[in-house]
Trainee: 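Supplied in structure tokens, the structure appears directly below.
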Number of protein chains: 2
Amino acid sequence: MPYRLLIVEDSPELLEAVSDFFLEEGAGLWEVVTASDGNDALAKATGGSFDLMILDIMLPGASGFDICKAVRRKDDCPVIFITALGSENSILKGYETGCDDYLVKPFSTRHLYAKSLALLKRAKGGQVSEEIRCGDITLNKKTMLVKVKDREIQINSREYFLLLFLIENKGSVLTRKSILEHVWGDDLDVNDRVVDNTIRRLRESLAEAAGQVKTVIGRGYRISED
Amino acid sequence: MPYRLLIVEDSPELLEAVSDFFLEEGAGLWEVVTASDGNDALAKATGGSFDLMILDIMLPGASGFDICKAVRRKDDCPVIFITALGSENSILKGYETGCDDYLVKPFSTRHLYAKSLALLKRAKGGQVSEEIRCGDITLNKKTMLVKVKDREIQINSREYFLLLFLIENKGSVLTRKSILEHVWGDDLDVNDRVVDNTIRRLRESLAEAAGQVKTVIGRGYRISED
DNA sequence: AACGATATGTCGTCAGTATGTCATGAGATA
DNA sequence: TATCTCATGACATACTGACGACATATCGTT
């Protein structure tokens, strides 16, 4: 049940960059539909039901405003406008049509992503499931379930929070000290070796994906995509 | 996902020097946008979304304060002011407008860089990845990973901290004594020759980039850009 | 409360790796 | 040439992390 996202933008590079970012970062959270001209966008927007739309204003064919208005007649899917150099007028017009947020080019894709997530969360009443993926491992922060290659696996609490910490910092080497601080918190009257052992048990639980948890001798552990 | 940085400064030499320093030192960490007059800066500052701004106060067109005020209406990106006149008045005015730090000319570029990183780290909640580059070698202090020509290399703990010490003092010749003190710390009951040996092993690990680790006969070692 | 099941921390051992030491020789320096 | 400095290879040892086995702690069920 990924969220359906429509991105409308006439610059192919930007369209691809944004689309890729959502697919990469969201890892299964989004189903992305794209359009690069107004008429195509209008057809898709009124045809399918989307959870979020990102619309460029200046488009060949219908404008972003037209698309927004057409959609608003049907339902109230959240809309983010993208606009080239910030004339306040067109932004105001955007708010009249009922957009929920806007960004002025050039913008940071990460920023756009953050806004999208926030908007979606508000629209769904905080019910957005946030899945994080790392290679074959998928961790769902909301349901607290972990999958390896789409097969759900059994994992206990300590292992879960350790895995979460690893994945949230994927790529980075995490020292035992920082792992203890973040995963064990105040219960700091524990032996360093618990980390080793929990890592070991985590690897057992992860089965085929065990290899993704790398040991960096003398420094700590890290998780990688393969 | 580099951090977007806007630098506004009307002296072309200084503008280039600062911009270059960030690009060199940061190695992919920054995406730098520059402007040399107030109006251009105002357009860019309000147009794009930046993670950090460095603003000169005295500018043709709008002043640094104007730019800061305009930005603060939209979001709260951290701002560092550069000012020629060290008069307390204009500095105070800077803080009223809501700048996060300031520097009085002439200043050291390295100093500015350090302030920028600190500010960015605070704004992002400590999530800034710090990459340091030296020639073909890239060392990431956060992930503790080392790359040679964008290829990740295997490196052990002692070699890692030795390389870090070399790179943080790139250009300088480091004596065995100072290397021992910084990399080995308290374990000072070791032979001087461990340094030689660790340097040797480091060179092996660095492969093609081995040549960047220079021997300075009679004095010690240093790392260079080529 | 009593019981069992599971989760979690601790310990000892072992193998692999990292690291320190030494001997030797090449090259620089005087 | 004599001497000093560093590079290199070989070796010894210390260290680190993996693993198995065990001890508690926690939790749910009866």
Side-chain angles (χ1 to χ4, degrees), chain A residues 144-146 152-166 172-224, chain B residues 144-146 153-166 173-224:
Chain A
M144 286 183 145
L145 294 179
V146 180
E152 190 175 300
I153 63 161
Q154 215 52 19
I155 193 172
N156 64 37
S157 162
R158 198 65 90 178
E159 290 168 25
Y160 172 82
F161 288 108
L162 174 57
L163 179 63
L164 177 61
F165 185 52
L166 285 169
S172 296
V173 177
L174 303 170
T175 63
R176 287 191 171 62
K177 192 165 163 293
S178 92
I179 292 175
L180 276 176
E181 276 169 11
H182 285 87
V183 179
W184 273 259
D186 298 329
D187 320 354
L188 276 181
D189 51 342
V190 282
N191 195 318
D192 262 27
R193 320 307 304 276
V194 277
V195 178
D196 301 39
N197 279 286
T198 311
I199 285 280
R200 180 185 107 224
R201 283 161 185 154
L202 175 60
R203 281 180 176 144
E204 277 170 16
S205 303
L206 289 176
E208 318 108 85
Q212 282 181 235
V213 180
K214 314 276 190 193
T215 303
V216 182
I217 293 188
R219 280 172 283 169
Y221 297 93
R222 73 188 180 93
I223 199 163
S224 83
Chain B
M144 291 186 169
L145 296 179
V146 180
I153 63 162
Q154 215 54 17
I155 194 170
N156 65 37
S157 175
R158 196 68 87 181
E159 291 166 26
Y160 173 82
F161 289 106
L162 172 58
L163 178 63
L164 178 61
F165 185 52
L166 285 169
V173 176
L174 303 169
T175 63
R176 287 190 172 65
K177 190 165 165 295
S178 93
I179 291 176
L180 276 177
E181 275 170 11
H182 284 88
V183 179
W184 273 257
D186 299 330
D187 320 354
L188 277 181
D189 50 343
V190 282
N191 193 317
D192 262 27
R193 318 319 302 273
V194 277
V195 177
D196 300 40
N197 278 284
T198 311
I199 285 280
R200 177 186 110 222
R201 284 163 185 153
L202 174 60
R203 282 179 175 145
E204 277 172 17
S205 302
L206 289 177
E208 318 108 85
Q212 284 181 233
V213 180
K214 314 280 190 191
T215 303
V216 183
I217 292 187
R219 279 175 288 165
Y221 298 93
R222 72 185 181 91
I223 199 161
S224 84

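Order of the sequence lines fixes the chain letters, A, B, ..., with proteins taken first and strands second; residue numbering starts at 1 for each chain. Only heavy atoms go into these numbers, but all of them, side chains included; no hydrogens, no water, no symmetry mates.
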Trainee: Heavy-atom count check: over 12 atoms from other residues, nucleotides or ligands less than 6.0 Å from K177(A) NZ?
Mentor: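 Counting neighbours around NZ of K177(A), 12 or fewer heavy atoms of other residues, nucleotides or ligands fall under 6.0 Å, so no.
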Trainee: Determine: side-chain N/O of R201(A) to OP1/OP2 of dA18(D), distance under 4.0 Å, yes or no.
Mentor: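 The answer is no; no side-chain N or O of R201(A) sits under 4.0 Å from OP1 or OP2.
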Trainee: Expressed as a whole number of angstroms, how long is the span from R193(B):CZ to dG9(D):P?
Mentor: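 Rounding to the nearest Å, CZ of R193(B) and P of dG9(D) are 16 Å apart.
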Trainee: dG9(C), OP1 or OP2 - any side-chain N/O from W184(A) closer than 4.0 Å?
Mentor: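 Answer is yes, contact under 4.0 Å.
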Trainee: Would you mind classifying the nucleic acid contact of Y160(B) as base, sugar-phosphate or nothing, using non-hydrogen atoms under 4.0 angstrom?
Mentor: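 Nothing, no nucleic acid heavy atom in range.
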Trainee: Can you tell which of dG9(D), dA18(D), dG9(C) lies closest to the side chain of N197(B)?
Mentor: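 Of the candidates, dG9(D) comes closest.
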Trainee: Regarding T215(B) and R203(B), do their side chains bring together a donor and an acceptor under 3.5 Å, going by distance alone?
Mentor: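 Side chains of T215(B) and R203(B): pair found under 3.5 Å.
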Trainee: Please evaluate the base of dG17(D) for a donor-acceptor partner in the side chain of R200(A) within a cut-off of under 3.5 Å?
Mentor: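 Check fails, no donor-acceptor contact within cut-off.
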Trainee: Of all the choices, dA7(C), dT5(D), dC11(D), which nucleotide is nearest to the side chain of I217(B) once you look at every atom?
Mentor: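 Between dA7(C), dT5(D), dC11(D), the one nearest the side chain of I217(B) would be dT5(D).
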Trainee: Between C1' on dT19(C) and CG on L202(B), what's the gap in Å once rounded to a whole number?
Mentor: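 One finds 14 Å between C1' of dT19(C) and CG of L202(B), rounded.
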Trainee: Which of the following nucleotides, dA18(C), dA7(C), dG17(D), is nearest to the side chain of N156(B)?
Mentor: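 So the nucleotide nearest the side chain must be dA18(C).
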Trainee: Look at the side chain of S205(A) and the backbone N and O of R201(A), then say whether any donor-acceptor pair between them is shorter than 3.5 Å.
Mentor: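 Flag set: sc S205(A) to bb R201(A) pair under 3.5 Å.
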Trainee: Within this structure, what is the CD1-to-P distance between I155(A) and dT8(C), rounded to whole angstrom?
Mentor: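 Value for this atom pair: 10 Å.
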Trainee: Could you state the atom-to-atom distance from CG of D196(B) to P of dT21(C) in whole Å?
Mentor: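 Nearest whole value for this atom pair: 12 Å.
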Trainee: Report the nucleotide, chosen from dG20(D), dG9(C), dG20(C), that has the shortest atom-to-atom distance to any side-chain atom of T198(B).
Mentor: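 For T198(B), the side-chain atoms sit closest to dG20(C).
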Trainee: Where the side chain of T215(B) is concerned, which of dG17(D), dA7(D), dT8(C) is the nearest nucleotide?
Mentor: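 The answer is dA7(D), which lies nearest to the side chain.
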Trainee: Below 3.5 Å, does any donor atom in the side chain of R176(A) face an acceptor in the base of dG17(D), or the other way round?
Mentor: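 Donor-acceptor pair under 3.5 Å: no.
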Trainee: Could you give the distance from CZ (R222(A)) to CG (L166(A)), rounded to the nearest 0.5 Å?
Mentor: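 The CZ atom of R222(A) sits 11.0 Å away from the CG atom of L166(A).
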Trainee: Please confirm whether the shortest side-chain N or O distance from Y221(B) to OP1 or OP2 of dT5(D) is below 4.0 Å.
Mentor: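 No, outside the criterion.
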Trainee: Hey, is the side chain of R158(B) pairing donor to acceptor with the base of dG20(C) inside 3.5 Å?
Mentor: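 Flag unset: no donor-acceptor pair detected.
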Trainee: Taking only the side-chain heavy atoms of N191(B) (C-beta and beyond), determine which of dC22(C), dT5(D), dT10(C) contains the nearest atom.
Mentor: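 Given the options dC22(C), dT5(D), dT10(C), the side chain of N191(B) is closest to dC22(C).
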Trainee: Could you measure the distance from the CD1 atom of I179(B) to the CZ atom of F165(B)? Nearest 0.5 Å is fine.
Mentor: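 One finds 6.5 Å between CD1 of I179(B) and CZ of F165(B).
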Trainee: Nearest whole angstrom, please: distance from the C1' of dT10(C) to the CG of L180(A).
Mentor: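 Answer to the nearest Å: 14 Å.
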Trainee: What integer distance in Å separates R219(A):CZ from dC15(D):C1'?
Mentor: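 For the pair R219(A) CZ and dC15(D) C1', the rounded distance is 15 Å.
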Trainee: Nearest whole angstrom, please: distance from the C1' of dA18(D) to the CD1 of I199(A).
Mentor: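 One finds 12 Å between C1' of dA18(D) and CD1 of I199(A), rounded.
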Trainee: Whole Å only: how far is the NZ atom of K177(B) from the C1' atom of dT5(D)?
Mentor: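 K177(B) atom NZ is separated from dT5(D) atom C1' by 19 Å.
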Trainee: Nearest 0.5 Å please: distance from the CG atom of L202(B) over to the CG atom of N197(B).
Mentor: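 Reported value, rounded in 0.5 Å steps: 12.0 Å.
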